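As structure tokens, the structure follows; a few thoughts come after it.
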Amino acid sequence: MSRRGLGSATILVLQALAGGFRYGFDIMDATELPSGSVYPILSKLEESGLARSAWEDARIARREKRPPRRYYTITAAGAEALREAMKRMTALAPRHAH
């Protein structure tokens with residue numbers, strides 16, 4: 001991704017992947033982002049090595065009477081990028097006096 005960090009939608013998608021959500025519709029449900037945001041983000045994450053994907057066995061999809069799913073997983077680099085992004089967000093969060 002870019003040197004200036006990850007955008008909020010990208011962070012949401014990485015969080016979903018880290019949480020075990022693995023295919024497009026599942027990620028859309030988890031993040032409440034539209035497909036027009038989720039799929040381009042997944043593509044960019046894959047291009048930058050922060051996620052990877054693989055198509056499921058078509059026989060499984062046929063047995064379940066649906067199209068094959070492309071499953072995504074977060075990579076070690078993606079998990080590290082997510083940790084760094086969360087650290088930056090925490091550092092920017094306003095501090096409240098108790």
Side-chain angles (χ1 to χ4, degrees):
M1 305 300 296
S2 76
R3 283 200 127 337
R4 60 185 186 95
L6 304 174
S8 58
T10 301
I11 292 169
L12 285 173
V13 171
L14 279 173
Q15 285 178 315
L17 290 173
F21 296 95
R22 298 190 51 219
Y23 63 94
F25 286 123
D26 227 10
I27 294 165
M28 289 185 312
D29 285 345
T31 61
E32 297 184 358
L33 293 170
S35 62
S37 295
V38 168
Y39 288 106
I41 289 169
L42 287 169
S43 180
K44 287 177 185 158
L45 288 172
E46 197 167 14
E47 287 169 13
S48 61
L50 302 181
R52 67 176 151 262
S53 71
W55 287 97
E56 77 175 330
D57 188 317
R59 291 172 295 194
I60 294 169
R62 272 196 304 276
R63 195 166 44 243
E64 295 182 9
K65 298 182 179 2
R66 58 170 173 74
R69 291 177 179 154
R70 188 172 186 173
Y71 286 105
Y72 294 85
T73 54
I74 191 168
T75 62
E80 179 59 27
L82 179 57
R83 273 192 296 281
E84 289 298 317
M86 297 310 292
K87 262 198 267 187
R88 278 194 304 278
M89 288 177 68
T90 301
L92 293 173
R95 305 279 187 241
H96 296 288
H98 293 289

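As the structure is a computational prediction, the values presented were derived from the model and not from experiment.
Of the inter-residue distances, the one linking Leu82 atom CG with Glu84 atom CD reads 10.0 Å to the nearest 0.5 angstrom. The CG atom of Leu50 sits 9.5 Å away from atom OG1 of Thr10, with the distance rounded to the nearest 0.5 Å. Distance check: Ser35 OG to Ile41 CD1 gives 11.5 Å after rounding to the nearest 0.5 Å.
Heavy atoms only, all atoms of each residue included: Gly20 and Arg22 are closest at O-CG, 3.2 Å. Taking each heavy atom of Gly36 and Pro40 in turn, the nearest pair found is O-CG, 3.2 Å. The shortest non-hydrogen separation linking Leu6 to Ala85 is CD1-CB, 4.1 Å. Between Val38 and Gly24, the shortest heavy-atom contact is CG1-O, 4.3 Å. Minimum interatomic distance between Glu46 and Tyr72 (heavy atoms only, all atoms of both residues): OE1-CE2, 4.0 Å.
Tyr39 meets the ring pair (Phe, Tyr, Trp, His ring centres under 6.0 Å) test with no other residue; sequence neighbours excluded. With sequence neighbours excluded, the residues forming a side chain to side chain contact (heavy atoms under 4.5 Å, CB included) with Ala16 are Phe21, Ile27, Ala30, Thr31, listed by chain and number.
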Discussion item. The test is salt bridge (Lys or Arg N to Asp or Glu O under 4.0 Å); show your working for Glu80 and Arg83 and say whether it passes.
Written reply: CA-CA 5 Å; Glu80 179 59 27; Arg83 273 192 296 281; 2.8 Å; yes

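Gln15 has its side chain within reach of Met86: a pair of non-hydrogen atoms, C-beta onward, lies under 4.5 Å apart. Within the 4.5 Å cutoff, the side chain of Met89 has heavy atoms near those of the Ile11 side chain.
Ser53 and Arg70 share a donor-acceptor pair across their side chains, judged by distance under 3.5 Å alone.
Few gaps surround OH on Tyr71; more than 12 heavy atoms of other groups in view lie less than 6.0 Å from it.
Exactly one of Ile74, Leu14, Thr75 qualifies for a side-chain contact (heavy atoms from CB on, under 4.5 Å) with Leu45. That residue is Leu14.
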If you look only at distance, which donor and acceptor atoms sit under 3.5 Å apart when one is on a side chain in residues 57-66 and the other is two or more places apart or in another chain?
residue	atom	partner	partner atom	Å
Asp57	OD1	Arg59	N	2.8
Asp57	OD1	Arg59	NE	3.0
Asp57	OD2	Arg59	NE	3.2
Asp57	OD2	Arg59	NH2	2.4
Glu64	OE1	Arg66	NE	2.9
Glu64	OE1	Arg66	NH2	2.9
Arg66	NH1	Glu56	OE2	2.4
Arg66	NH2	Glu56	OE1	3.2
Arg66	NH2	Glu56	OE2	3.2

